[in-house]
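Just passing along the structure, written as structure tokens.
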Amino acid sequence: MLYAFDLDDTLYKEMTYVASGYRTVAAELAEATGADADSLFRIISANRPLGFEAALEAVAGMPGAERFTVDSMVETYRAHTPDISLLPGVADTLGRLSRQGHTLMLITDGSTRHQRAKIAALGIERFFRPEDILISLETGGDKTTVVPWEIAEKRYPGMRRMYVGDNLSKDFRLPGMRGWHTVMVRDRDNSNVFAQQPTMWPPENRPQTTVDSIADL
């Protein structure tokens with residue numbers, strides 16, 4: 001069987017990536033200006049999505065602050081090495097499925113730069129063949145297009161397929177319509193970037209199965 005997985009808010013919590021980037025920016029700004037890094041992190045977080053602007057206001061006039069712009073802070077955020085961890089049970093489950101002889105695939109939307117950095121930080125390359133890590137910028141189509149689903153289907157014809165994700169706007173509609181079994185990992189603490197509100201979506205956007213954890217697969 002083919003088990004395909006989303007990345008963000010499915011295998012790890014995406015807000016931990018956001019926090020990791022904010023801490024990196026805050027630390028760099030604090031080192032240059034002498035401001036307190038924890039305070040800058042709280043300012044950036046509390047004023048999201050205008051946190052960098054708020055942090056610049058907080059250090060205005062301090063020596064070294066003139067070196068920073070919103071654009072330079074965004075670049076620091078985008079280039080940072082993520083400090084993130086897999087959700088409980090994910091590594092054990094991926095390992096178990098692999099040992100059982102199932103084929104594992106990663107289908108994720110985003111840029112090569114960001115998604116590859118997350119994948120490396122999580123240490124999950126070992127669970128997937130290199131060609132079975134599908135990133136939308138690399139494949140030329142995100143999950144709202146047929147591109148990733150057709151790649152998987154042509155690569156593994158005749159195989160039963162499951163997609164495991166979290167985002168009702170794009171994770172379940174197309175694979176479900178194409179005969180895949182769809183599974184949503186429930187956001188038990190309401191910390192996902194995109195809130196899960198199944199009743200707000202038409203039936204075709206909803207998963208066929210819901211689990212509390214990847215370990216429930």
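Because only heavy atoms are used, hydrogens play no part in the values below, and waters and symmetry mates are left out as well, while side chains stay in. Quick caveat, the model's predicted, so the values are computed rather than measured.
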- Kindly give the heavy-atom pair with the smallest separation between Ala58 and Met62, and that separation in Å.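 Smallest interatomic distance, heavy atoms only, reads O-CE, 4.0 Å.
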- Task: Would you indicate whether the side-chain heavy atoms of Ile151 and Arg155 approach each other to under 4.5 Å?
- Result: yes
- Query: Looking only at atom types and distance, does a side-chain atom of Ser72 sit under 3.5 Å from a main-chain N or O of Phe68, one as donor and one as acceptor?
  - Reply: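 A pair under 3.5 Å: no.
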- Query: Taking atom OG1 of Thr108 and atom CG of Asp8, what is their separation to the nearest 0.5 Å?
  - Reply: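 So the gap between those two atoms works out to 5.0 Å.
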- Output yes when a side-chain donor or acceptor of Glu14 lies under 3.5 Å from a complementary backbone atom of Asp9, and no otherwise.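 Side chain of Glu14 to backbone of Asp9, a donor-acceptor pair under 3.5 Å: no, none is there.
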- Classify the side-chain pair Arg161/Tyr3 by whether it contains a donor and acceptor separated by less than 3.5 Å. no
- Would you please classify the geometry between the His80 ring and the Tyr77 ring as parallel, tilted or perpendicular, with 30° and 60° separating the classes? tilted
- Query: Which residues pass the salt bridge (charged side-chain N to carboxylate O under 4.0 Å, His left out) test with Glu31, sequence neighbours left out?
  - Reply: none
- Query: Judged by atom type as modelled, is there a donor-acceptor pair below 3.5 Å linking the side chain of Asn47 to the main-chain atoms of Leu50?
  - Reply: no
- Item | Pair Lys170 + Asp109: basic N to acidic O under 4.0 Å |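 So Lys170 pairs with Asp109 through a salt bridge.
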- Message: I want to check something: taking the side chain as every heavy atom from C-beta on, are Leu7 and Ile119 in contact at a cut-off of under 4.5 Å?
- Response: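 Leu7 vs Ile119: side chains touch.
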- In the single-linkage hydrophobic clustering (I, L, V, M, F, W, Y; side-chain heavy atoms under 4.5 Å), do Val185 and Leu122 co-cluster?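 Same hydrophobic cluster.
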- State whether the side chain of Thr182 and the backbone N or O of Gln208 hold a donor-acceptor pair below 3.5 Å, judged by distance alone.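 Yes, because the side chain of Thr182 sits within donor-acceptor range (under 3.5 Å) of the backbone of Gln208.
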- Exercise: identify the closest heavy-atom pair between Arg160 and Met1: O-CG, 3.4 Å
- Side chains of Glu150 and Arg178: does their closest heavy-atom pair fall under 4.5 Å? yes
- Task: Please assess Met73 against Leu29 for the test side chain to side chain contact (heavy atoms under 4.5 Å, CB included), listing each intermediate value before the final yes or no.
- Result: CA-CA 9 Å; Met73 296 163 80; Leu29 187 58; 4.1 Å; yes
- Might you point out which heavy atoms bring Ala120 and Glu125 nearest each other, and give the distance in Å?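 Scanning both residues, the minimum pair turns out to be CA-OE2, 3.3 Å.
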- Message: Could you tell me if Lys118 sits above the aromatic ring of Tyr12, with its cationic atom closer than 6.0 Å to the ring centre and no more than 45 degrees from the axis?
- Response: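 Lys118 over Tyr12 ring: no.
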- Message: Can you give me the closest heavy-atom contact between Ala35 and Ala30, atom names plus distance?
- Response: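 Answer, listing the atom of Ala35 first, then Ala30: O-CB, 3.2 Å.
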- Message: I'd like to know if the side chain of Thr16 reaches the main chain of Lys13, judged simply by a donor and an acceptor atom lying under 3.5 Å from each other, with no hydrogens or angles considered.
- Response: yes
- Tyr156 versus Asp132, side-chain donor and acceptor atoms under 3.5 Å: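 Yes.
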- Excluding sequence neighbours, so at least two apart, what forms salt bridge (charged side-chain N to carboxylate O under 4.0 Å, His left out) with Glu131? Arg129
- Query: Which distance, rounded to the nearest 0.5 Å, do you find between the CG of Leu217 and the CZ of Arg96?
  - Reply: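 One gets 7.0 Å once the value is rounded to the nearest 0.5 Å.
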- How far does CZ of Arg186 sit from OG1 of Thr210, to the nearest 0.5 angstrom? 5.5 Å
- Message: What I'd like to find out is whether the side chain of Thr76 reaches to under 4.5 Å of the side chain of Thr24, using heavy atoms alone.
- Response: yes
- Compute whether any side-chain donor of one residue and acceptor of the other, for Asp142 and Thr144, lie under 3.5 angstrom apart.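 On atom types as modelled, these side chains qualify, holding a pair under 3.5 Å.
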- Query: Which is it for Trp149 and Ile107 under the side chain to side chain contact (heavy atoms under 4.5 Å, CB included) test, yes or no, and what are the steps along the way?
  - Reply: CA-CA 9 Å; Trp149 316 114; Ile107 301 178; 3.8 Å; yes
- Under a 4.0 Å N-O cut-off, is there an ion pair linking Asp171 with Lys143? yes
- Message: Ring-plane angle category for Trp180 and Tyr163, please: parallel below 30°, perpendicular beyond 60°, tilted otherwise.
- Response: perpendicular
- Item | Check: Ser45 side chain, Phe41 main-chain N or O, donor-acceptor pair, under 3.5 Å | yes
- Give the cluster check for Val193 versus Phe5: same hydrophobic cluster or not, with ILVMFWY residues linked at side-chain heavy-atom distances below 4.5 Å.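 Yes, because Val193 and Phe5 connect within a single hydrophobic cluster, where side-chain heavy atoms sit under 4.5 Å apart.
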- Check the hydrophobic clustering (I, L, V, M, F, W, Y; side-chain heavy atoms under 4.5 Å; chains of links allowed) and say if Leu106 and Val147 are grouped together.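 Hydrophobic grouping puts Leu106 apart from Val147.
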- Query: Hey, what do you get for CG (Leu56) to OG1 (Thr69), rounding to the nearest 0.5 Å?
  - Reply: 7.5 Å
- Gap separating the CG atom of Leu104 from the CD1 atom of Ile133, nearest 0.5 angstrom: 10.5 Å
- Give a yes or no on whether Leu174 and Val164 share a hydrophobic cluster (residues Ile, Leu, Val, Met, Phe, Trp, Tyr; joining criterion: side-chain heavy atoms under 4.5 Å apart). no
- Query: Are the side chain of Asn205 and the backbone N or O of Trp201 linked by a donor-acceptor pair below 3.5 Å?
  - Reply: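 Not confirmed, Asn205 side chain does not pair with Trp201 backbone.
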- Mark yes when over 12 heavy atoms from residues, nucleotides or ligands other than Arg78 sit less than 6.0 Å from its CZ; otherwise mark no. no
- Taking all non-hydrogen atoms of both residues, which atom of Pro88 and which atom of Ser213 are closest, and how far apart?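 Here Pro88 and Ser213 meet closest at O-OG, 3.8 Å.
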- Does atom CG of Asp83 have more than 12 heavy-atom neighbours, drawn from other residues, nucleotides or ligands, at distances under 6.0 Å?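 Check fails, neighbour count at 12 or below.
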- Message: For His181 and Thr209: C-alpha separation, side-chain torsions, deciding distance, then whether side chain to side chain contact (heavy atoms under 4.5 Å, CB included) applies.
- Response: CA-CA 8 Å; His181 185 77; Thr209 302; 2.7 Å; yes
- Answer yes when Glu138 and Arg116 have at least one side-chain N-carboxylate O distance shorter than 4.0 Å, and no when they do not.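 So Glu138 pairs with Arg116 through a salt bridge.
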- Message: I'd like to know whether Ser39 forms a side chain to side chain donor-acceptor pair (under 3.5 Å) with Arg42, so could you lay out the CA-CA distance, the side-chain angles of the two residues, the decisive distance to 0.1 Å, and finally the verdict.
- Response: CA-CA 5 Å; Ser39 296; Arg42 288 193 292 270; 3.3 Å; yes
- Task: Give a yes or no on whether Leu168 and Val183 share a hydrophobic cluster (residues Ile, Leu, Val, Met, Phe, Trp, Tyr; joining criterion: side-chain heavy atoms under 4.5 Å apart).
- Result: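 No, Leu168 and Val183 fall in different hydrophobic clusters.
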- Message: Ignoring hydrogens, what is the shortest heavy-atom contact between Pro82 and Ala121? Give both atom names and the distance.
- Response: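 Minimum heavy-atom separation between Pro82 and Ala121: O-CB, 3.5 Å.
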- Using modelled atom types only, decide if a donor and an acceptor are shared between the side chain of Glu66 and the backbone of Gly64 within a distance under 3.5 Å.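 Present.
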- Item | Intermediate values then yes/no, side chain to side chain contact (heavy atoms under 4.5 Å, CB included), Asp166 and Asp187 | CA-CA 8 Å; Asp166 73 284; Asp187 180 17; over 6 Å; no
